[in-house]
Amino acid sequence: MMPRRIASRTLIYLILILASAFFLLPIYLMLLTGVKPFAEVDLKTMWNLPSSLHIENFIAAWAQLAPNLKNSLILVIPESILSSLLGSLNGYLLSKWRFKNSNLIFTLILFGMFIPYQSILIPLVKFMDFIQLYGGLPGLVFVHIIYGIPITTLIFRNYYAGISTEMLEAGRIDGASLTGLYRFLILPLSAPSFAVVIIWQFTQAWNDFLFAVILTNQAYWPVTVALNNLAGSQLVQWNVLMAATLLAALPTLLVYLLLGRFFVRGLMAGSLKG
Amino acid sequence: MFKNFTFKPRILITAIVLLVVGVAGLYYFTHSKLMIGSFDVTSLGILVAGLVMYSAIPVAMTMIGNETYLSIVLMLPSIAAVAIFVYGFIAWSVRVSFSNWKGLIPNYTFVGFKQYIILFSNDPRFMIDLRNTAVFTVGFILGCLIIGLGLAILLDQKIKGENLFRGIFLLPMSISFIASGVVWSWLMSSATGSRITGINLIFKSLGLNGLISLWHTTPQPWGMAFTIIPAVWQLAGYTMAMYLGGMRSISDDLREAARVDGASEFEIYRYVILPLLQPITLSAVIILGHMSLKIFDLIVALGRGDIRLDVPGIYMWTTTFSGNNYAQGAAIGILMLVGVAVLVIPYLVQNMRTETQV
């Protein structure tokens, strides 16, 4: 019995380690190539360790992507903050003030997070052009907030549904109104779900490509569009490209590594069962 | 409605101030421009002024004391936004898809289902797209389910370092499809001979020459199958997390009872746990399925315009914004929507029904 158990445990760990290698391989490649000196960059020795650590690839990549990293930052900060405020209000109203057909309305709103945006792209471009928000970052912020309404509402609604209704009832007996309950009872309890939603919207907007490539001019490209352009260019060496990819992925990677708990909660909310 | 009316001067004054500020803002922004740096954001100024004006209504309504009406009034801006930007725009797209609009000037001449008929009867590229979507969807869902469930079962064995492993498996979820497409296109390099590199190079140095592959440049339909690898890399961890969450919610008593009845560990999974995980499999299939019907950025970064790896999302993009064939682009977009709707609507309706019962 015991040897068999040891064997099966070893096998389990072996599979898990192999799987980890598969999941870390692309990140390892980005790091490995990024820290190599130019002289040692050769496709044939892609997997060889560098003789010494260098950051010249990152400097070259930074020179290419710095304006776009800045654009992405200008995009995600107001977007994630405003989105979460809106989601919080909607989530509160839908979970604690169920009016007639509120479940139907919630479901109709939720559908908006599943649609392929190709099905609204033509009207969106024409509309953004009409209101003169086409081409720049404010328009992109606006679009991300609008199409973020379903997921932010969902996450907050599920979170608020877990706050006991009795507590709200007690507050109402004490004379608190709908807005008063929100300000003094709900909002102080909302910090964790604000963290979840801000991180989720940050990641979504940072990683978005479709809206960005359609709605912004070259000068205002966020980092995903610029990276894709860089990858298609014949002028950029692949080691610089790997460093650039790591730079583009770094903010969301760091958020995941530092605040992973909140990120995963947002992730799981996407499957509806908060 | 007015049963609980109490007159509160402060609230009335606040409402009037909001109204005046809103109207003044509307007047101002319709007569002069609002700039943030080099961006003309006059229309956002109008929107904000409109919302300020609108907020006078809920403020004044707090005097009435009917909180159901108040909650509806507060929800209304979001409802209106979704109504316009989701449903209104879908209707507008449908209208475009029934037209002949080709070129920069809108042309809404009604031609019925012409664009759809062209796509299905006389468009080889769309046929490639349909086949690719089918290959991708089946492989992607199966890959994520099998690897996700496998990893979840392994992590369910009271593993040392479970958090570390789980963190590693979920890590790719935080990276954009563009970034992962760029890296994987180097890992899955099909260069041969002295230029051999990427994973092929690893295979070669391990002596596994039989595994050396052309990856996504393999002749069709199998080339498309390789694009599943980066997609599974990104979402298998997510599927694992869903399954693991499900397993953890199954009570230990149930497993213990099965053990007492003489079931082996394998039988416990086969006959007790897996059947209980069926709702999770359904959720995962719907989430992953709707993602694969929409797949776009990953293929853009991986395929770099290779028509053999084309998918509807990319076809819609190029035919509309490079080819200016708006009518056909709209038809492709609507077909994508129909695909997603068939998958998602029953799920949403069922979700709504169970919510209502609570």
Side-chain angles (χ1 to χ4, degrees), chain A residues 12 15-16 19-20 23-24 26 29-30 43-44 46-47 86 89-90 93 97 99 103 105 107 109-112 114-116 118-124 131-133 136 138 142 146 149 177-178 203 207 209-210 224 227-228 231-232 238 245 248-249 252-253 256 260 263-264 267 270-272, chain B residues 39-41 43-44 62 67-68 70-72 74-75 78 81-82 85-86 89-90 92-93 96 151 154 157 165 167-169 172-176 178-179 182-183 186-187 195 197 201 238 242 283 287 290 294 296-297 301 304 313 316 320 326 330 333-334 336-337 340 344 348 351-352 355-356:
Chain A
I12 288 173
I15 297 172
L16 286 174
S20 301
F23 282 97
L24 289 174
L29 176 66
M30 283 192 270
L43 287 174
K44 278 178 292 189
M46 183 188 247
W47 300 104
L86 196 58
L89 177 67
N90 291 337
L93 296 169
W97 298 90
F99 37 87
N103 269 321
I105 288 169
T107 304
I109 291 176
L110 268 192
F111 182 63
F114 293 101
I115 61 166
Q118 275 85 352
S119 65
I120 48 92
L121 223 41
I122 294 169
L124 184 66
I131 63 170
Q132 296 181 355
L133 284 177
F142 174 73
I146 298 278
I149 289 175
S177 62
L178 177 146
T203 313
N207 290 344
F209 176 73
L210 181 56
T224 43
L227 178 67
N228 182 56
W238 76 280
T245 311
T252 52
L253 262 177
Y256 173 72
F263 177 78
V264 173
L267 201 62
S271 56
L272 295 192
Chain B
F39 300 118
D40 177 353
V41 292
S43 46
L44 290 181
T62 55
E67 305 201 309
T68 307
L70 181 59
S71 63
I72 295 171
L74 287 172
M75 260 316 291
S78 292
V82 172
F85 285 84
V86 176
F89 282 7
I90 287 173
W92 186 349
S93 271
V96 174
L151 292 175
L154 292 179
Q157 307 305 314
F165 284 120
I168 291 172
F169 300 155
M173 266 305 285
S174 67
I175 297 174
S176 64
I178 291 289
V182 169
V183 182
W186 285 97
L187 284 170
R195 289 187 52 79
T197 185
L201 182 62
Y238 173 65
M242 287 179 81
S283 292
I287 303 283
H290 102 279
K294 297 198 288 198
F296 173 69
D297 2 11
R304 304 238 69 88
M316 187 278 164
T320 309
Y326 285 82
I334 293 303
M336 291 172 72
L337 178 71
V340 168
V344 166
L348 283 175
N351 199 63
M352 179 175 77
E355 292 262 336
T356 317

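Any value given below was found using the heavy atoms of this structure, including those in side chains, with hydrogens, waters and symmetry copies removed.
With a 4.5 Å cut-off on non-hydrogen atoms, B:Met75 touches chain A through its backbone and its side chain both. Interface remark: A:Ile131 contributes backbone and side-chain atoms alike to the contact with chain B (heavy atom separation under 4.5 Å). Of the atoms belonging to A:Ile109, heavy atoms from both backbone and side chain fall under 4.5 Å from chain B. For A:Leu178, the parts sitting under 4.5 Å from any heavy atom of chain B are the backbone and the side chain alike. Of the two parts of A:Ile146, only the side chain, counted from C-beta on, holds a non-hydrogen atom closer than 4.5 Å to a non-hydrogen atom of chain B. With a threshold of 4.5 angstrom between heavy atoms, A:Leu124 approaches chain B through its backbone and through its side chain. At a 4.5 Å heavy-atom cutoff, the contact between A:Thr203 and chain B is made by side-chain atoms alone. Interface remark: B:Thr320 contributes side-chain atoms only to the contact with chain A (heavy atom separation under 4.5 Å). In this structure, chain B has a heavy atom under 4.5 Å from the side chain of A:Leu29, while its backbone stays farther away. Both the backbone and the side chain of B:Val41 come within contact range of chain A, each with at least one heavy atom under 4.5 Å from a heavy atom of that chain.
Relative orientation of the B:Phe85 and A:Phe142 rings is perpendicular, given thresholds of 30° and 60° on the angle between their planes. Aromatic ring pairs are classed by plane angle as parallel below 30°, tilted from 30° to 60° and perpendicular above 60°; the pair A:Phe209 and B:Phe296 is tilted.
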